[in-house]
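Notes follow the structure.
In this text the structure is predicted, and so the values were computed from the model without any measurement. Labels below follow one simple rule: chain letters A, B, ... track the order of the sequence lines, proteins then strands, and each chain is numbered from 1.
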Amino acid sequence: MPIVVDRRPEGVVLIDDDGSETLIAADALPAAVAEREAEHPRWVWTDTAQWYPALLAAGVRVERCHDLRLVDAIIAGIDGRVPRRGWAGAAPTDDGALFALDGTDAVPPRSAAREWARQQQRLAAHPEPARLALLAAAESAGALAAIEMHATGLPWSAAEHDALLTATLGPRPAAGARPAALAALAAEVERRLDIGAVPIDSPPALVAALRRAGLAVTSARSSELRRIDHPAIEPLLQYKSLSRLHTANGWNWLDEWVRDGRFRPTYVPGGVVTGRWASDGGGALQLPRQVRPAIVADPGWRLVVADAAQLEPRILAALSGDAAMARAGADVDLYAGIVASGAVATREQAKVGMLGAMYGGTTGASAQVLPRLARAFPRAIAHVEAAARAGERGERVRTLLGRTSPAPTRRLSDAAASETGRPDTTGPAARAWGRFTRNFVVQGTAAEWALAWLAGVRRQLWTAGSPLAAQPHLVFFVHDELIVHCPENEVARTEAVLRSAAAEAGRLLFGDAPVSFPVSVSIVQRYSDAKG
DNA sequence: TGGGCTTGCGCC
DNA sequence: AAAGGGCGCAAGCCCA
């Protein structure tokens, strides 16, 4: 049963489904929530990110919620309107404000109870109410997990991190100074180019310098430089790689983001149009392999690292009802299954071809093998082609559970219409939008599967009565991969949970569709030792 | 000096 | 090897 949590000038009110209200002081909320949690309610509140941290800090964990802000954003996407704002003002702040505290929004949020009523009506009126309700529940469960993972943090050894920085860059330099290894590499580049000073940190100036030295480059991209045969390229590429490590995940990053052996990023559920999460600060979803040796389980604990194998092609197989592709994915390696089906000759062709089909690749190897994939897996390929054509026509597309792509930018529709008097469906802009919608249906539905997986793992792992950090708990989530920090005597149970939750997510979304969602699991001390 | 833009690159 | 989709972030650069 739902319990609405709402802010009142005189405190916080809990509203039961029959409309009865219980008014409590804001500081009594954790105790009240803990007591009612025994009934396994769904807590309905404006914004998990605003309400839940204080509860967690007080040691109170909740099983289920409905996040009005996140669900409104989904509904707004369906309706083609701007999401409501000002939710933050409804948080349990001590001044009782109902307005956004930063003054950015003059529109007061509705009361949580009214917004809940509106959303229930809206969900029920949807053509696929069960799917949309599932999406709302999964999105909200993700919001809980995001706050919990922020609170517990990812185990991070500052000593290991510092050691690997020192090993590759040299000792930590004074603030603003260049590490010894970078200085040496920059000097080596200048020696080998032999044109005097090289502005190695400025891409445009670097391109000009390289051209002065007789190298035919048009950009400073590593991918382009790699194709050039010149002795200065090797130290230059090494410089770029180490410089990136230093600026993005060097000592400054370590100082700013790692405290008490934990990295605590802020996850942003629903932060990407497709429904994927984004992150805010610390680059949490782009942790480079170079620093993963610093992600180390506590003594007596393990990292259980789980990765959904070839998630997106499997999602496409299930979405499109492509039985042949489902068969190809019967085992853990779908790409090998595609080779075994005879569609293509090598695993690399299978992989590049499928990625091209889902991303809209039009050149090179992916385009070459696409016709063969289309013959072998006609429904899968037709599904993404249809999504691309819809986008080119300016139509919006939907994920399985109903998340809807935005309308094309005005520039796209107007620029074309002004020339021909009708919408452009063939120009470069239309094709680019088609690539977006093509990918949206697959990436977005994969994000829904991943949320269902995450929610299942969270629910199955949790043992009530002991603190979250004392039992196996989620510490990291990135699109199709989960890490559980786990006492070593619980790794077997945790692995089983990760696998069974994946199968359950498949059933939740796709029912009895014959598509499997295998998970590769590594049990390691260090993240860098996980296969993947 | 600070904001916004571009470039480049890390991840999935 | 790169290309196609989605991001966040740091640095350089331009302009007010």
*asked:* Pick the closest DNA chain C nucleotide for A/Arg227 and for A/Pro204 by heavy atoms, then say which residue is nearer the 5' end.
replied: A/Arg227
_Rounding to an integer number of Å, can you tell me how far A/Ile295 CD1 sits from B/dG10 P?_
17 Å
_When you measure from the side-chain N and O atoms of A/Ser222 to the phosphate of B/dC9, is any distance below 4.0 Å, counting only OP1 and OP2?_
yes
*A/Ala278 has a side chain; which of C/dG12, C/dG6, C/dC7 sits nearest to it?*
C/dC7
*Grab the CG-C1' distance between A/Asp307 and B/dC12 for me, whole Å please.*
10 Å
*Can you figure out which of B/dC12, C/dA10, C/dG5 approaches the side chain of A/Phe436 most closely?*
C/dG5
*What nucleotide among B/dG8, C/dC9, C/dA2 has an atom nearest to a side-chain atom of A/Ala365?*
C/dA2
*Heavy atoms under 4.0 Å, any strand shown: does A/Arg431 hit a base, just sugar-phosphate, or nothing?*
nothing
*Please state whether the base of B/dC11 and the side chain of A/Arg289 form at least one donor-acceptor pair under 3.5 Å?*
no
*Interatomic distance, A/Tyr359 OH vs C/dA2 C1' [rounded to whole Å]*: 14 Å
_By the 4.0 Å heavy-atom rule, please label A/Gly281 as base, sugar-phosphate, or nothing._
sugar-phosphate
*Closest-nucleotide 5' rank along DNA chain C - winner of A/Gly282 and A/Arg276*: A/Arg276
*Length of the NE2-C1' vector between A/His479 and C/dG8, whole Å*: 10 Å
*Rounded to whole angstroms, how far apart are CD on A/Glu448 and P on C/dG6?*
17 Å
*With a 4.0 Å cut-off on heavy atoms, is A/Val442 in touch with a base, just the backbone sugar-phosphate, or nothing at all?*
nothing
*Could you check which of B/dG10, B/dC12, C/dA10 has an atom nearest any side-chain atom of A/Thr247?*
C/dA10
*Under 3.5 Å, is there an N or O donor on one side and an acceptor on the other linking the side chain of A/Arg244 and the base of B/dC9?*
yes
_Nearest to the A/Val352 side chain among B/dG8, C/dG5, C/dA3, which nucleotide is it?_
C/dA3
*Among the nucleotides C/dA2, B/dG8, C/dG6, which one has an atom lying closest to any side-chain atom of A/Ala220?*
B/dG8
*Which listed nucleotide (C/dA11, C/dG5, C/dC7) is nearest to the side chain of A/Val272?*
C/dC7
*Can you tell me the distance, in whole Å, between the NE2 atom of A/His246 and the P atom of B/dG10?*
16 Å
*Residue A/Val273, side-chain heavy atoms: nucleotide from B/dC12, C/dC7, B/dG10 that is nearest*: C/dC7
*Does C/dC13 have a Watson-Crick or wobble mate here (both distances under 3.5 Å), and if so which one?*
B/dG4
*Would one find a side-chain N or O of A/Lys240 under 4.0 angstrom from OP1 or OP2 of B/dC9?*
yes
*Spacing of A/Tyr267 atom OH relative to B/dC12 atom C1', expressed in whole Å*: 13 Å
*Report yes if at least one side-chain N or O of A/Thr274 is closer than 4.0 Å to OP1 or OP2 of C/dC7; otherwise report no.*
no
*Separation of C/dA11 P from A/Tyr239 OH (nearest whole Å)*: 11 Å
*Counting any heavy atom closer than 4.0 Å, what does A/Asn249 reach on the DNA or RNA strands: base, sugar-phosphate only, or nothing?*
nothing
*Identify which nucleotide among C/dA3, B/dC11, C/dG5 has an atom closest to any side-chain atom of A/Arg435, counting heavy atoms from C-beta outward.*
C/dG5
*Mark yes when over 12 heavy atoms from residues, nucleotides or ligands other than A/Asp79 sit less than 6.0 Å from its CG; otherwise mark no.*
yes
